[in-house]
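These notes concern the structure reproduced below.
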Amino acid sequence: MEMKYVPTTCPYCGTGCTFNLVVVDGKVTGVAPYQRSPVNEGKLCPKGVYAHEFVNREDRLTTPLIKKDGTFVEASWDEAYDLIARKLKSYKADEMAVLASARTSNEDNYAIMKFARGVLKTRHIDHCARLCHASTVAGLAATFGSGAMTNSIGDIAQSKCVFIIGSNTFEQHPLIGRRVMQAKKNGAKIIYADPRLTPTGKQADLYMQFRSGSDVAILNGLMQEIIRNGWEDKEFIANRTKDFEALKAVVMKPDYSLENVSKISGIPIDQLKTAAEWIAKSGATAILYSMGITQHTVGVDNVKSIANIQMLTGNLGKAGAGVNALRGQNNVQGACDMGCLPVVFTGYQKVIDEAAHKKFSDAWGFPDGISAPQNGYEVTTMMDVLTEKPGELKAMYIMGENPMLSDPDLTHVEHAIKSLEFLVVQDIFLTETAQLADVVLPATCYAEKDGTQTSTERRVQMWRKAQDPPGQAKLDWQILAELSAKMGYAGQFPWQSAEDVFTEIAKVTPSYGGMNYERLRKPEALHWPCPAADHAGTPILHIGKFSHPDGLGVFFPIEFKYPAEVPDAEYPYIFTTGRNLFHWHTGSMTRRSASLESEVPTGWIEINTEDAHDLGVADGEMVLAKTRRGEIKVPARVTKEIMKGVMFMPFHFAECAANVLTNNALDPIAKIPEFKACAIKIEKIQEA
Ligand SMILES: Nc1nc2c(c(=O)[nH]1)N[C@H]1C(S)=C(S)[C@@H](COP(=O)(O)OP(=O)(O)OC[C@H]3O[C@@H](n4cnc5c(=O)[nH]c(N)nc54)[C@H](O)[C@@H]3O)O[C@H]1N2
Ligand SMILES: Nc1nc2c(c(=O)[nH]1)N[C@H]1C(S)=C(S)[C@@H](COP(=O)(O)OP(=O)(O)OC[C@H]3O[C@@H](n4cnc5c(=O)[nH]c(N)nc54)[C@H](O)[C@@H]3O)O[C@H]1N2
Ligand code: SF4
Ligand SMILES: [Mo]
């Protein structure tokens with residue numbers, strides 16, 4: 001028996017924990033701690049502990065599949081490439097759309113970005129960041145000039161007050177939750193605001209329960225209280241920001257008095273008072289937020305409000321403070337950095353910028369040019385165009401995403417995807433989306449490849465190959481390079497290894513310019529921006545000045561608006577959705593993990609005890625959950641821990657898919673859907 005440990009990075013969340021894969025006779029069989037990790041120091045959450053379990057599942061995709069007369073037939077790579085090349089060449093550039101993947105490496109995402117813009121020449125490339133932190137990218141770019149988490153994970157332990165709003169940190173970023181507990185142990189106050197008393201809330205010193213969709217009102221109310229008491233950081237405001245008077249004019253309105261905010265949100269006035277005082281006076285308050293803030297039609301407004309309160313209290317550019325937007329997927333930061341968005345190349349170089357466009361055209365050297373210097377469609381817009389403007393988009397190439405469970409309003413999504421003439425899906429399992437494809441390509445998973453991924457704290461870390469891929473599965477970037485060669489562009493994809501791809505990335509991306517594999521192999525790796533070979537990387541952003549040309553942070557006055565759909569007589573409850581500790585999104589990996597699946601084998605809807613009493617629903621009873629989009633049967637979980645009037649479902653489970661119910665109303669700027677608030681009713685299921 002031959003056994004070895006291969007250090008790698010967790011393929012689940014954006015925390016970026018490292019662990020060892022245990023390899024016995026060439027096969028991954030387990031996970032063991034990697035003590036030298038500066039992020040998790042050898043500790044892991046259950047998803048990390050069992051991250052080996054899906055890898056060698058017998059239902060991994062092992063060969064290309066081509067759909068013939070409605071059923072998949074195994075095919076050779078050559079057959080699959082020939083078919084895809086022929087079909088894709090038959091479409092005009094902007095008839096094709098591409099989805100990249102926050103699950104795969106930077107190298108894979110760079111390859112698909114280059115494939116989309118250089119080979120297909122389409123402007124339409126996006127990925128699940130749209131459903132996730134699109135509001136953060138837009139909101140923080142406007143306020144600070146840069147759309148990323150401002151401080152590092154380890155830094156949270158130095159906070160004097162941690163204000164968590166719209167993040168269930170202990171279930172969704174458990175090893176960041178550990179830093180929150182370290183801060184608490186050092187005396188920090190923990191404030192938690194969420195419609196549900198989650199495991200995160202149970203550790204808080206102050207828990208504020210509120211109705212989904214009232215975030216702007218709450219934040220404005222807190223700011224009014226801070227200003228009324230003279231607790232704002234006058235020096236910070238004077239030296240580092242602009243447009244404070246405009247902010248003040250709005251937040252001081254009677255609409256945002258604590259009385260009024262309490263009415264809108266349901267939070268008692270004395271709790272709001274305490275929160276305002278702790279946030280303003282702690283000396284170093286860190287805000288942690290995630291999807292509870294971003295997934296709204298006012299997602300960008302919410303993010304700007306978070307930035308406002310941190311600038312108001314001077315909680316930026318120093319240790320233990322900051323706006324900590326916790327990025328979700330293992331490599332969603334990286335997929336954005338790699339330009340898998342409809343508006344930018346790598347490193348946020350704008351496609352509409354003439355110089356950037358020329359830079360990439362020249363660097364890549366496609367003899368017939370690249371995609372036009374115009375912005376493309378977002379994922380959510382693609383789905384709308386497919387249903388509302390038939391024939392405009394005809395083909396789609398999806399790498400590592402499962403919109404048939406993860407996008408809002410699944411009936412609409414199914415209609416959209418089925419109206420495509422040609423769909424390619426490149427995944428590791430035959431997902432709900434892959435089942436609708438014309439061609440399915442088998443990819444390698446994290447355990448089978450070298451590569452890098454960029455965590456929420458902008459730390460670029462390595463994946464290392466621990467075993468061979470199953471069957472004929474290939475590396476994601478390799479598939480894209482080989483397909484591009486078939487389409488006549490061999491010269492543009494000369495890479496022999498992931499490291500070759502990374503070298504090219506570093507050349508065209510200033511914020512990654514000083515990175516290479518040798519530097520990244522060290523346990524600490526590097527935080528971008530790292531512009532030069534002798535630059536040590538940047539763990540904390542905005543020290544001394546913000547990223548805008550004038551160096552100032554901008555206050556945006558924000559008025560409160562209700563969600564696109566609010567409860568009424570017919571649909572009387574607020575419906576919100578999210579996650580659970582043991583499962584990952586559409587479950588493609590965690591539901592194939594025996595240990596995780598045995599912890600939580602199916603979905604549920606959380607109903608407040610009083611609401612359940614009114615409805616005559618018992619704990620565990622199967623109910624019919626209905627919105628204007630659709631209905632599903634789902635077991636009720638009756639609990640005091642959710643706010644009265646609000647109901648919650650995790651979206652991991654195909655057999656009771658929350659996204660049949662969700663609303664695809666979008667934020668006008670970020671185009672993120674309102675996963676966190678719509679209107680629902682519950683009906684009892686009549687016995688037959
Ligand atoms: N175990 C696990 N961990 C994950 C993931 C996973 O699928 N499983 N996914 C990863 C990804 S991609 C992401 S983006 C992150 C997401 O991480 P989180 O954002 O922490 O997760 P969610 O459960 O989507 O939502 C967080 C909280 O928002 C609350 N909420 C609901 N409505 C509102 C509202 O109107 N306002 C506010 N302020 N809060 C509200 C919910 O009650 C919930 O507790 O998690 C990452 N980590
Ligand atoms: N109702 C509701 N819906 C939501 C949300 C919510 O809070 N509520 N949250 C949204 C958010 S924040 C997100 S991020 C999205 C996530 O939405 P998706 O990204 O669609 O969800 P995943 O299940 O993570 O899908 C990733 C796919 O990648 C595949 N994969 C994994 N590794 C690899 C690899 O190395 N190569 C390839 N080619 N494929 C691979 C997996 O098998 C899986 O099919 O869901 C969104 N949907
Ligand atoms: S906290 Fe995130 S990165 Fe760390 S082990 Fe858990 S899922 Fe993996
Ligand atoms: Mo996400």
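As the structure lists them, so they are numbered: ligands from 1, and atoms in each ligand from 1. Numbers here are sequence positions counted from 1. Everything numeric in this text was worked out from a predicted model, so none of it was measured.
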### Query
Which bit of D476 gets closer than 4.0 Å to ligand 2, counting heavy atoms only: side chain, backbone, both or neither?
side chain

### Message
Checking a contact table here: which protein heavy atom is nearest atom 47 (N) of ligand 1, and how many Å away?
### Response
Q172 O, 2.7 Å

### Subset of ligand 2 atoms that lie under 4.0 Å from at least one heavy atom of M589
31 (C)

### Query
Can you tell me the protein heavy atom closest to atom 2 (Fe) of ligand 3 and the distance?
C13 SG, 2.3 Å

### Task
With heavy atoms under 4.0 Å as the rule, classify the contact between T586 and ligand 2 as side chain, backbone, both or neither.
both

### Task
Could you check atom 38 (N) of ligand 1 against the protein and tell me its nearest heavy-atom contact, residue, atom and distance included?
D215 OD2, 2.6 Å

### Query
Which atoms of ligand 2 have any heavy atom of T431 under 4.0 Å away?
44 (O)

### Task
List every atom of ligand 2 that sits less than 4.0 Å from any heavy atom of I428, numbering the atoms from 1 in the order shown and giving each element.
31 (C), 32 (N), 42 (O)

### Task
For S167, take its heavy atoms, then give the atoms of ligand 1 lying under 4.0 Å from any of them.
20 (O)

### Query
For T577, is at least one N or O under 3.5 Å away from an N or O on ligand 1?
no

#### Entry: Test of proximity, T198 against ligand 1: N or O pairs below 3.5 Å
no

### Close approach, L44 and ligand 3, non-hydrogen under 4.0 angstrom
yes

### Message
Can you tell me how the ring of H52 sits relative to the ring of Y50, calling it parallel under 30°, perpendicular over 60° and tilted otherwise?
### Response
tilted

### Query
Does G328, backbone or side chain, put an N or O under 3.5 Å from an N or O of ligand 1?
no

### Task
Please tell me if the side chains of R579 and N168 come closer than 4.5 Å, counting only heavy atoms from C-beta onward.
no

### Task
Output the list of atoms in ligand 2 that are nearer than 4.0 Å to some heavy atom of T444, sorted by atom number.
34 (C), 35 (O), 36 (N)

### Query
Can you check whether G213 has an N/O within less than 3.5 Å of an N/O in ligand 1?
yes

#### Entry: Atoms of ligand 2, numbered as shown, that sit under 4.0 Å from any heavy atom of W584
24 (O)

### Sub-4.0 Å atoms of ligand 1 with respect to non-hydrogen atoms of H296
34 (C), 35 (O), 36 (N)

### Message
Regarding ligand 1, does T576 bring an N or O atom to under 3.5 Å of one of the ligand's N or O atoms?
### Response
yes

## Note on the structure
Only residue of T104, N106, T9 satisfying side-chain hydrogen bond (donor to acceptor under 3.5 Å, both in side chains) with N331 is N106

#### Entry: Any N/O pair N402/ligand 2 closer than 3.5 Å
yes

### Task
Please say whether A193 places an N or O atom under 3.5 Å from an N or O atom belonging to ligand 1.
no

### Query
Looking only at distance, does S212 have an N or O less than 3.5 Å from an N or O of ligand 1?
yes

### Query
Short N/O distance, under 3.5 Å, between L581 and ligand 1?
yes

### Message
With heavy-atom distances below 4.0 Å as the criterion, list the atoms of ligand 1 near D194.
### Response
27 (C), 28 (O), 29 (C), 41 (C), 42 (O), 43 (C), 44 (O)

### Task
Report, in ascending order of atom number, the atoms of ligand 1 lying under 4.0 Å from any heavy atom of H173.
15 (C), 45 (O)

### Message
Tell me the protein heavy atom at minimum distance from atom 9 (N) of ligand 1, and give that distance in Å.
### Response
R579 NE, 2.8 Å

### Task
Pull out every atom of ligand 1 sitting under 4.0 Å from any heavy atom of H652, numbered as shown with elements.
7 (O)

### K47 charged N/C atom sitting above W584 aromatic ring, 6.0 Å / 45°
no

### Message
Using a 4.0 Å cutoff against the non-hydrogen atoms of E171, which atoms of ligand 1 qualify?
### Response
1 (N), 3 (N)

#### Entry: Top protein contact for atom 40 (C) of ligand 2, by heavy-atom distance
G400 CA, 4.0 Å

### Query
So which protein heavy atom does atom 10 (C) of ligand 2 come closest to, and at what separation?
Q295 NE2, 3.5 Å

### Task
May I ask whether K449 places a heavy atom under 4.0 Å from ligand 2?
yes

### Task
Begin from the C-alpha positions of R130 and E401 and carry the test salt bridge (Lys or Arg N to Asp or Glu O under 4.0 Å) through to its verdict.
CA-CA 12 Å; R130 186 68 43 205; E401 283 210 349; over 6 Å; no

### Task
Starting from atom 8 (Fe) of ligand 3, find the nearest protein heavy-atom neighbour and note its residue, name and distance.
C10 SG, 2.3 Å

### Message
What protein heavy atom lies closest to atom 30 (N) of ligand 1? Include the residue and the distance to one decimal.
### Response
P195 CD, 3.6 Å

### Query
In terms of residue, atom name and distance, what is the protein heavy atom nearest to atom 6 (Fe) of ligand 3?
C45 SG, 2.3 Å

### Query
Side chain, backbone, both or neither: which part of C132 has a heavy atom under 4.0 Å from ligand 2?
both

### Query
For ligand 1, which atoms have a heavy atom of N580 less than 4.0 angstrom away?
1 (N), 2 (C), 8 (N)

### Task
Decide salt bridge (Lys or Arg N to Asp or Glu O under 4.0 Å) for E41 and R179; before the verdict, give the C-alpha distance in whole Å, the side-chain angles of both, and the deciding distance to 0.1 Å.
CA-CA 11 Å; E41 298 170 316; R179 299 295 185 184; 3.8 Å; yes

### Query
What are the atoms of ligand 2, with element, lying closer than 4.0 Å to any heavy atom of K676?
7 (O)

### Summary
At under 4.0 Å between heavy atoms, what of T662 touches ligand 2? The answer is side chain

#### Entry: Contact atoms of ligand 2, heavy-atom distance to C128 under 4.0 Å
14 (S), 19 (O)

### Query
Applying a 4.0 Å heavy-atom criterion (strictly less than), which segment of S406 is in contact with ligand 2: side chain, backbone, both, or neither?
both

### Query
How are the rings of H583 and H652 set relative to one another: parallel (under 30°), tilted (30 to 60°) or perpendicular (over 60°)?
tilted

#### Entry: Closest protein heavy atom (residue, atom, distance) for atom 20 (O) of ligand 1
N168 N, 2.8 Å

### Query
Backbone or side chain, does any N or O of K47 fall under 3.5 Å from an N or O of ligand 1?
yes

### Task
For residues T62 and P442, determine if any side-chain heavy atom of one lies less than 4.5 Å from a side-chain heavy atom of the other.
no

### Message
I'd like the name of whichever of H585, R103, R60, H583 reaches closest to atom 32 (N) of ligand 2 through any heavy atom.
### Response
R103

### Query
Is the shortest N/O to N/O distance between T104 and ligand 2 below 3.5 Å?
no

### Summary
One finds that the ligand 1 atoms under 4.0 Å from a non-hydrogen atom of M291 are 14 (S), 16 (C), 19 (O), 24 (O)

### Message
If I compare all heavy atoms of C678 with all of N663, which pair ends up nearest, and what's the gap?
### Response
CB-CB, 3.9 Å

### From H133, Q329, E432, H127 - option closest to atom 19 (O) of ligand 2 by heavy atom
Q329

### Task
Classify the side-chain pair Q453/N330 by whether it contains a donor and acceptor separated by less than 3.5 Å.
yes

### Query
Which residue holds the protein heavy atom closest to atom 4 (Fe) of ligand 3, what is that atom called, and what is the gap in Å?
C17 SG, 2.3 Å

### Query
Mind checking whether Y207 and Y192 have parallel, tilted or perpendicular rings, split at 30° and 60°?
parallel

